[in-house]
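Since the structure comes first, as C-alpha cells, the remarks are kept for the end.
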Amino acid sequence: MNGYMGKILEVDLSNRKAEAVDIDPDIAKKFIGGKGYGAKLLWDRAPKEVEPLSPDNLLMIMLGPLTGTLAQSAGRFAVVTKSPETGIFTDGHVGGYFGPKLKFSGYDGIVISGKADKPVYLHITQDKCEILDASDLWGKGVFEVDETLKKKYPGSSSGVIGVGGENLVNFACISFDKGRQAGRCGPGAVMGSKNLKAIVVEKGKKRPTYAEEDKFKGLTKELFRMLKTHPSKIKRHILGTLVCIWEGIDGGTLPIKNYTGVDFPEIENLVPEKLWEQGIWQGNTTCFGCPIACTKVSQLKKGEYKGKKYEAPEYEMTALFGPNCLIDSYEWVTYGHILCNDLGLDAISAGNCAGFAMECYEKGLIEPGFELNFGNGEALIKFIKLVANRKGIGDLFREGVRGAAKKIGKDTERFAIHVKGLELPGVDPHGSYGMALAFATADRGACHQRVWTPRAELYGKLKRYSTEGRAEFVKYNQDERAACFSLDLCDFMPFSEKQNADLLSYATGLDFTPDDYVHTGERIWNLTRLIAIREGISRKDDTLPARLLEEPMIAGPSKGHFVSKEELDIMLDEYYALRGWDKNGIPTKEKLNELEL
C-alpha cells in the first residue's frame with residue numbers, strides 16, 4: 001500500500017519471538033494509522049479483564065501513513081496501550097526522529113505483548129528485530145542509557161524508560177532520544193512491567209511510496225511556502241509552547257496553587273522572555289520534517305544536570321511546576337522538567353501531584369519528613385526523586401493524585417485535580433468553559449491535546465464564561481484531532497481539513513474528502529469511547545473535581561468564575577446529542593451503524 005510499509009512488527013517477549021505481519025488494509029482504510037489503528041487493535045485484542053500491568057496488555061508504537069514522508073512534521077507517531085493510571089485507552093504522540101527511522105526499517109508499527117523473564121531491549125534494523133539482554137542498563141537513567149545505545153548503534157534512535165517505569169509508577173513515561181516523551185497515562189509503567197528497558201531502531205534504506213507523487217510533492221511545497229510566513233509558525237519558533245504563558249496570564253487560565261487561582265504576581269518571572277534573560281535558553285531544535293523548530297534547548301546552572309544542554313522547558317511543565325506550585329524560577333522549573341525526563345516520569349502529572357502534595361502538607365494531612373511547602377524548589381526536586389524511586393512519601397503518589405487521595409482520605413478528593421484518574425494539565429477550567437467540557441469528555445482523561453479552547457475564548461471566537469457553542473466546538477475538534485493523530489501530524493501544523501485529506505489521499509490513494517477525513521476521526525473517537533464504556537465509564541465519570549465545580553477562582557482575570565455542575569450538565573446534554581449518544585454517554589446503535597462500528 002502506498003504511504004504504508006505494509007508490515008507491523010509483532011513482538012512476544014514471553015516467548016522471545018519477533019515477526020513481521022501484514023497490516024490489515026481494511027483497518028487502515030477505516031482507522032488510517034497511528035491513534036486509530038492502535039485503538040482498533042486494543043479493542044480487538046485487549047478485553048476488559050486485561051490488567052494494564054499484566055503480560056497480556058499490549059504496548060504499541062504505531063506510525064501514520066504520513067510518518068517519514070515529505071509532509072511537514074512527518075516525524076510523529078503514537079504510543080497506544082491500556083493505561084495503568086486510568087484503566088482505559090491512552091495514546092501518546094511523539095515527535096523527533098524515532099518514527100521515521102522505524103518506517104525506513106520497513107515497519108508501520110510495533111505491537112509488544114508478554115513479559116521477558118529478565119530485563120531486555122529491542123534492537124531493530126531493516127527487516128530484523130533482536131531481543132537482547134539489558135541487565136546492565138536496568139536501574140540507570142534515561143540519559144545514560146540513551147547515550148550508551150547511541151555509542152553502540154551510531155545514528156540510531158531509542159525509546160527508553162527510567163527508574164519510574166522500572167518501579168511501575170503509574171504515570172511513568174517513555175523518553176525517545178532523551179527529549180521526546182510518550183508521557184501521559186503511564187506507558188512507561190506498561191513497558192517496565194514487561195521488563196523492557198529500551199527500543200532502539202537503526203535507520204534502514206526503505207522509503208514510503210506515494211500514490212500520486214507529483215501532487216503530494218506539489219502540496220508539500222505549497223504548505224512549506226505558507227508556513228514560512230504564517231504568524232503561528234513565527235510565534236512558535238520564537239516562543240515555542242511558552243507562548244501559552246502569556247495567553248494564560250491574559251485569560252486567567254493558568255493553574256495557580258493547585259488550581260485555586262490565588263494572586264501570584266510572580267508569574268511575570270516565568271514569561272518566556274525571562275528564559276532568555278537568565279541565560280538558560282541555548283537555542284532551538286526541531287523534529288523530522290518540521291520547519292517550525294519550536295523546541296527550546298536549555299542549560300542549567302546548578303544540580304546534577306549543570307552545564308549540559310537538554311530539550312526543556314515546555315509550557316505544560318512550566319505551568320505545573322511554576323504557578324501551580326507557586327515557584328517563580330525558571331531554574332527550578334527547567335530542573336524539574338529535565339529530571340522527570342531522566343527519571344522517566346510524566347512531568348505534567350508530576351507537577352500536578354506536587355501541587356496536591358504541597359496543599360496536603362500545608363493542611364497537615366501528610367508528613368513527608370521534609371518541608372514540602374508551596375514555593376519550595378528544593379522540595380519539588382526531592383519530591384520528584386522520591387516518587388520515581390517509590391521511597392517515603394513518593395510511594396504514596398505512585399498511582400497519581402486519585403490514588404493518593406483515596407489513601408489519605410480526609411476529603412482530599414475535593415482538591416485532587418484529575419479526570420478519570422489523569423491529572424489535569426496546565427489549564428485551569430475555572431476560566432475556560434470549553435476546557436471544562438473538553439477535560440470532562442476527553443478519551444484518555446484530562447488531556448490538553450484533544451481540544452484547545454482558551455485561545456478561541458480569549459480572542460472572541462467563543463463567548464467568554466458561557467456554555468454557548470462549547471459542545472459543537474469541542475465535538476468537532478475532538479473528531480478532527482483524532483483523524484490528525486492517525487495521520488500522524490503535529491498539533492502545531494496550521495493545515496486545513498482539506499489539506500490534511502489531500503495529503504492522505506495523495507500518499508495512499510484512498511481518496512479522502514475533508515468530510516471523509518473528519519468522519520473517520522469521529523469513528524475513531526467513538527471507538528475509544530467504546531473501550532472506556534467496556535471498562536465501566538459513563539456520564540458519572542465525565543465530570544470534574546469538586547474544587548473546579550464549586551469554588552470560584554480567587555484572583556486574576558477569571559476571578560469569581562467557575563463552571564458549575566449545572567452548567568457542565570447543560571454542555572454534556574448538548575454534546576451527547578451532537579454525538580448521537582444517549583443521556584448516559586453511550587453511543588446509540590444508530591450512531592454505531594452510521595460509523596460502521
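Position 1 is the first residue of the sequence; numbering continues from there.
Between the Asn167 side chain and the Val163 main chain, a donor and an acceptor come within less than 3.5 Å of each other. A donor-acceptor pair under 3.5 Å links the side-chain atoms of Thr81 to the main chain of Leu58, judged by distance alone. Listed for the Gln72 side chain is no donor-acceptor partner under 3.5 Å among the backbone atoms of Met493. Of the possible donor and acceptor atoms, none in the side chain of Asp177 sits under 3.5 Å from a partner among the backbone N and O of Gly96. The backbone N or O of Gln299 sits nowhere less than 3.5 Å from a side-chain atom of Lys308 that would complete a donor-acceptor pair. Formation of a donor-acceptor pair under 3.5 Å by the Glu166 side chain with backbone atoms of Gly139 is found in this model. No donor-acceptor distance shorter than 3.5 angstrom exists from the side chain of Thr285 to the backbone of Thr295, with no hydrogens or angles considered. Side chain of Arg184 to backbone of Ala446: a donor-acceptor contact under 3.5 angstrom is found.
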CA sep, side-chain torsions, deciding dist, call: Asp133, Lys118, side chain to side chain contact (heavy atoms under 4.5 Å, CB included): CA-CA 8 Å; Asp133 182 65; Lys118 62 180 180 179; 3.4 Å; yes
Run the salt bridge (Lys or Arg N to Asp or Glu O under 4.0 Å) test on Glu10 and Lys17 for me, step by step, so that the C-alpha distance in whole Å, both residues' side-chain angles and the decisive distance to 0.1 Å come before the verdict. CA-CA 8 Å; Glu10 291 266 2; Lys17 291 182 179 180; over 6 Å; no
Can Ile417 and Val401 be said to form a side chain to side chain contact (heavy atoms under 4.5 Å, CB included), step by step? CA-CA 7 Å; Ile417 310 299; Val401 296; 5.8 Å; no
Salt bridge (Lys or Arg N to Asp or Glu O under 4.0 Å) between Lys30 and Asp26: does it pass, once the steps are laid out? CA-CA 6 Å; Lys30 291 179 67 175; Asp26 292 331; over 6 Å; no
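Here the straight-line distance linking atom NZ of Lys140 with atom CG of Asp342 works out to 12.5 Å at 0.5 Å rounding. Going from atom CD1 of Ile110 over to atom SG of Cys129 covers 7.0 Å, rounded to the nearest 0.5 Å. How far CD1 of Ile199 is from OG of Ser156: 12.5 Å, rounded to the nearest 0.5 Å. Rounded to the nearest 0.5 angstrom, Thr209 OG1 and Met1 CE are separated by 10.5 Å. Here the straight-line distance linking atom NZ of Lys197 with atom CG of Asp136 works out to 10.5 Å at 0.5 Å rounding. With values rounded to the nearest 0.5 angstrom, Glu423 atom CD is found 9.0 Å from Tyr259 atom OH.
Across all their heavy atoms, Glu51 and Asn57 have their closest contact at O-CB, 3.7 Å. Counting all heavy atoms, side chain and backbone alike, Pro187 lies closest to Leu59 at O-CD1, 4.2 Å. Across all their heavy atoms, Asn324 and Gly351 have their closest contact at ND2-O, 3.2 Å. Across Ile524 and Ser486, no two heavy atoms sit closer than the pair CD1-OG, 3.3 Å. Here the shortest heavy-atom pairing between Ala39 and Val80 reads N-CG1, 4.3 Å. The two residues Thr508 and Gly3 have their closest heavy-atom pair at CG2-CA, 4.5 Å.
The only member of Thr334, Asn341, Ile348 that meets side-chain contact (heavy atoms from CB on, under 4.5 Å) when paired with Met317 is Ile348. Just one of Lys306, Lys302, Glu378, Glu304 meets the side-chain hydrogen bond (donor to acceptor under 3.5 Å, both in side chains) condition when paired with Tyr335; it is Glu304. Among the candidates Ile131, Val111, Leu196, the single residue satisfying the side-chain contact (heavy atoms from CB on, under 4.5 Å) test with Val11 is Ile131.
By the 6.0 Å contact criterion, CD on Gln126 is enclosed, its count of non-hydrogen atoms from other residues, nucleotides or ligands being greater than 12. More than 12 non-hydrogen atoms from other residues, nucleotides or ligands lie less than 6.0 angstrom from CD of Glu130.
Both the sub-6.0 Å distance and the 45° axial angle are satisfied by Arg207 relative to the ring of Phe104. Stacking of Arg180 on the aromatic ring of Phe176 is not recorded, the 6.0 Å distance cut-off and the 45° axial limit not both being met.
Inter-residue side-chain proximity for Ser105 and Lys206 is flagged as unmet; no heavy-atom pair is nearer than 4.5 Å. Side-chain contact between Leu137 and Pro119 is absent, with no heavy-atom pair separated by less than 4.5 Å. Residues Leu339 and Phe321 have side chains not in contact (no heavy-atom distance under 4.5 Å, counting atoms from C-beta outward). Between Leu396 and Ile408, the closest side-chain pair of non-hydrogen atoms falls below 4.5 Å. Between Glu359 and Leu365 there is no side-chain heavy-atom pair separated by less than 4.5 Å. Taking 4.5 Å as the limit, some side-chain heavy atom of Asn373 sits within range of a side-chain heavy atom of Tyr361. A 4.5 Å side-chain heavy-atom check between Ser349 and Leu422 finds at least one atom pair inside the cut-off. Residues Asn195 and Asp117 fail the side-chain proximity criterion, which asks for heavy atoms closer than 4.5 Å.
Judged by distance alone, the side chains of Thr241 and Glu314 do bring a donor and an acceptor atom under 3.5 Å apart. Between the side chains of Gln478 and Thr441, at least one donor N or O lies within less than 3.5 Å of an accepting N or O. Thr67 and Asp488 are not linked by any side-chain donor-acceptor pair at a separation below 3.5 angstrom, with hydrogens and angles left out of the test. Side-chain atoms of Ser175 and Gln181 form a donor-acceptor pair, as typed in the model, at a separation below 3.5 Å.
Evaluation of the side chain to side chain donor-acceptor pair (under 3.5 Å) rule for Asp146 yields Lys150, Ser158 as partners, not counting sequence neighbours. With sequence neighbours excluded, no residue forms a ring pair (Phe, Tyr, Trp, His ring centres under 6.0 Å) with Trp138. For Phe143, the ring pair (Phe, Tyr, Trp, His ring centres under 6.0 Å) test picks out Tyr305, Tyr310, with sequence neighbours left out.
Among residue pairs with one or both ends in residues 86-110, those qualifying as salt bridge (charged side-chain N to carboxylate O under 4.0 Å, His left out) are Lys35-Asp91, Asp91-Arg450; sequence neighbours excluded. Screening residues 386-407 for ring pair (Phe, Tyr, Trp, His ring centres under 6.0 Å) gives Phe383-Phe397 as the qualifying pairs, with residues at least two apart or on separate chains.
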Side chains of residues 82-90: which donor-acceptor pairs under 3.5 Å do they make with residues two or more places apart or in other chains?
{"from": "Lys82", "atom 1": "NZ", "to": "Lys48", "atom 2": "O", "distance (Å)": "3.0"}
{"from": "Lys82", "atom 1": "NZ", "to": "Val50", "atom 2": "O", "distance (Å)": "2.6"}
{"from": "Lys82", "atom 1": "NZ", "to": "Glu535", "atom 2": "OE2", "distance (Å)": "3.0"}
{"from": "Ser83", "atom 1": "OG", "to": "Glu85", "atom 2": "N", "distance (Å)": "2.9"}
{"from": "Ser83", "atom 1": "OG", "to": "Thr86", "atom 2": "N", "distance (Å)": "3.0"}
{"from": "Ser83", "atom 1": "OG", "to": "Thr86", "atom 2": "OG1", "distance (Å)": "3.2"}
{"from": "Ser83", "atom 1": "OG", "to": "Cys185", "atom 2": "O", "distance (Å)": "2.7"}
{"from": "Thr86", "atom 1": "OG1", "to": "Ile88", "atom 2": "N", "distance (Å)": "3.3"}

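Below 30°, between 30° and 60°, or above 60°: for His123 and Tyr153 the angle between ring planes is below 30°, a parallel geometry.
For Asp127 and Lys7, the salt-bridge test fails: no basic side-chain N is under 4.0 Å from an acidic carboxylate O.
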